[in-house]
Amino acid sequence: MSRSTNRSARRRPSTALRAGLAVLALLGLGSCVNARHTVRSEHYDRQTVAEVFSAGYEGIADYYVDAVPTEAIAIGALSGITTLDPAIGYARRGDRLTVTIDGRPIAEFVTPGRDDTVRWAMLTSAAIDAGRGVSKPIHDATPERIYEVAFDSALRKLDRFSRYLSAEAARSAQASRNGYTGIGITIVGRDGETYVTSVFEHSPAQEAGVEPGDRIVAVAGQPTSGLDIAEVADRLRGLIGSRVDVTFDRQGRQITASLERRPVIETTVRVHRLRDVGYIQLSGFNRETANSLESGLEELQSGGPLRGLILDLRQNRGGQLNQAIRVSDLFIDQGTILATRGRHPNSVQHFEAHDRDATSAPMVVLIDSGSASAAEIVAAALQDAGRALVIGARSYGKGTVQQIVPMPNEGELILTWARMHAPSGYGLSRFGVFPSICTAESSVDVEVVVQGLRDGRLRAGEAVHRRRGADTLDPAGQEALLSWCKANHPPSDDDLDTRIARRLLDERDLFQQAFNASRIALGERPETLR
């Protein structure tokens, strides 16, 4: 679940940072001794490195969900540098930071105030530079590698979802969120060759008949054998309206297609009818998900009245917050969809439905332990609103919103800045959303569920009831709950979960029984199906 900062430009170094770099050099109280490597790398610039760390430290100070002293972040970052060469050490003693090699001091710096982001960034850069003077592994590391190990170490101490993306990884993430200009395929590298893994709907590749499994032999007449997938992707992308010749190998037969590059957004919505039941699979949440879903609902309903809807969110890892809200709003006519709470004033938000219920058909939502983030928002909102019966396994338990902080090197920091709360008030973090009917046990089948509902042995609200009491359990009880109703069920329109959903939608008395049990477990009065 991510959102970007409101800043339109990359973070630029402050005047204090530029002026302070020279001052910091005067704070070093020691000198390099027993130098093992003293030649400076032409690609490493201490001021540029300080600017990147300054942007990162400032972003954490501004946006992270909990207040964390900048000094702790900086010490964590330096700890990451030691993974490049364990002989190098960075030790904080009182108001001094000492750089050592094999335990011997080589440089010492006066530490700034605990939350002085600019001076801690300068100190980080200077301390790394001191290590570079005596360590070949650190000296030979590219600036990008320095950022990766430093920020990975610093952010690992915060939470499991905050992370650093290199410039290359950030470009890929931006393309996933916002689309890109290309031919509309995903690719994978295997044994030095590049293969198509999926083809987007309504894309140039689909129109040309490209299929998953095709091997890309050449792009613009240049062989691709031996190239990594980033290089192949760069060759496939280009200016809107430009064309590129791509040669594919399909089971020994080569096909060359001239493809026009167009803005491409990954298809995240797939719909079709299972007789009189609409099946909707959401694989993610990008900027077009809600619009595509709205069109998909119109398509489903144009085929005649629907007895029910199945919304399959299994293995959906999430995406954009605003899209999760819009998707939920398509099915809920009133009430709360989500509340978020964090330290930054803008992170405290309350999202309400706007009387936009696009269909009155009864609904089943399918989730599993791979359903995360935006998928959990939708599942919790529809369950708490009494709009859908949730079937499957408990969700991943991400339950946080991430802020995207642009960096001067074109990388990104992804920082947790808010915690998500379901409409009924419970936090989505860690435990996630529990289904009304758990299908994680291997002994479950359609008839077991149906008969269990009929004779009362299967309590449809049991999982929901357990979830609502999670925070009152002792640590052992919480660990036991985390391992209960846990499973990964890849999305399918004809597996156990889907067959149970269709059976319940066909037998309204059973659906109503399970639906009411879930409502009671949520602490609300049961309702009659619309």
Side-chain angles (χ1 to χ4, degrees), residues 269-282 285 289-290 292-294 296-301 303-314 316 324-338 353 355-368 371 374-392 395 422-424 433-437 439 449 453 460-461 463-464 489 491-493 497-519 521-522 524 526-530:
V269 180
R270 293 170 177 82
V271 305
H272 61 273
R273 291 177 68 105
L274 303 172
R275 291 189 295 184
D276 57 355
V277 172
Y279 175 81
I280 306 167
Q281 184 206 340
L282 295 191
F285 291 81
T289 298
S292 298
L293 178 55
E294 201 160 9
L297 285 170
E298 292 176 359
E299 176 186 332
L300 287 173
Q301 294 177 103
L306 291 171
R307 187 170 182 82
L309 281 175
I310 299 172
L311 179 62
D312 195 341
L313 299 175
R314 292 173 296 179
N316 184 318
I325 301 302
R326 288 186 58 197
V327 166
S328 301
D329 204 6
L330 286 173
F331 301 109
I332 300 174
D333 55 10
Q334 62 181 347
T336 299
I337 293 174
L338 176 74
D355 194 21
R356 295 183 60 222
D357 197 339
T359 174
S360 60
M363 287 187 66
V364 172
V365 173
L366 305 181
I367 62 172
D368 73 346
S371 304
E376 293 176 292
I377 290 177
V378 176
L382 270 59
Q383 184 180 60
D384 281 10
R387 183 62 185 87
L389 182 67
V390 180
I391 295 176
S395 67
S424 57
V433 180
F434 275 42
S436 302
I437 297 177
T439 61
V449 170
L453 286 172
V464 178
H489 296 161
S492 167
D493 66 0
D497 292 349
T498 309
R499 290 195 295 272
I500 291 173
R502 292 184 66 183
R503 181 71 174 271
L504 294 181
L505 289 169
D506 284 341
E507 299 190 30
R508 290 299 182 85
D509 59 330
L510 286 176
F511 185 98
Q512 187 72 64
Q513 183 178 336
F515 184 84
N516 285 345
S518 180
R519 300 296 295 162
L522 285 167
E524 300 180 18
E527 298 179 357
T528 301
L529 286 177
R530 292 178 288 173

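Position 1 is the first residue of the sequence, and the numbers go up from there. From a predicted model like this one, the values you see are computed outputs, not experimental measurements. Below, all heavy atoms of this structure are taken into account, side chains as well, without hydrogens, waters or symmetry copies.
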So which atom in [X] and which in [Y] form the shortest heavy-atom distance, rounded to 0.1 Å?
X    : Y    : answer
G308 : A361 : CA-CB, 4.1 Å
L330 : A290 : CD1-O, 4.0 Å
T498 : I310 : CG2-CD1, 3.9 Å
H489 : D497 : ND1-OD2, 3.0 Å
S371 : S395 : O-CB, 3.3 Å
M363 : F511 : O-CZ, 3.4 Å

Does a side-chain heavy-atom distance below 4.5 Å link [X] with [Y]?
X    : Y    : answer
L389 : L504 : yes
V390 : L382 : no
I377 : F285 : no
S328 : V378 : yes

Contacts of type side-chain hydrogen bond (donor to acceptor under 3.5 Å, both in side chains), residue N316, not counting sequence neighbours: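 For N316 there are no side-chain hydrogen bond (donor to acceptor under 3.5 Å, both in side chains) partners, ignoring immediate neighbours.
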
Separation between CG of L510 and CG of L505, rounded to the nearest 0.5 Å: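 One finds 11.0 Å between CG of L510 and CG of L505.
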
Qualifying residues under salt bridge (charged side-chain N to carboxylate O under 4.0 Å, His left out), relative to R503, sequence neighbours excluded: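 Here the qualifying residues are E447, E507.
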
Counterpart residues, salt bridge (charged side-chain N to carboxylate O under 4.0 Å, His left out), relative to D276 (two or more places apart):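 D276 satisfies salt bridge (charged side-chain N to carboxylate O under 4.0 Å, His left out) with no residue once adjacent residues are dropped.
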
Sole residue of V365, L309, V327 in side chain to side chain contact (heavy atoms under 4.5 Å, CB included) with I280: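 The passing option is L309.
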
With Q281, the side chain to side chain contact (heavy atoms under 4.5 Å, CB included) member among R270, R314, H272: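 Of R270, R314, H272, side chain to side chain contact (heavy atoms under 4.5 Å, CB included) with Q281 is met by R270 alone.
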
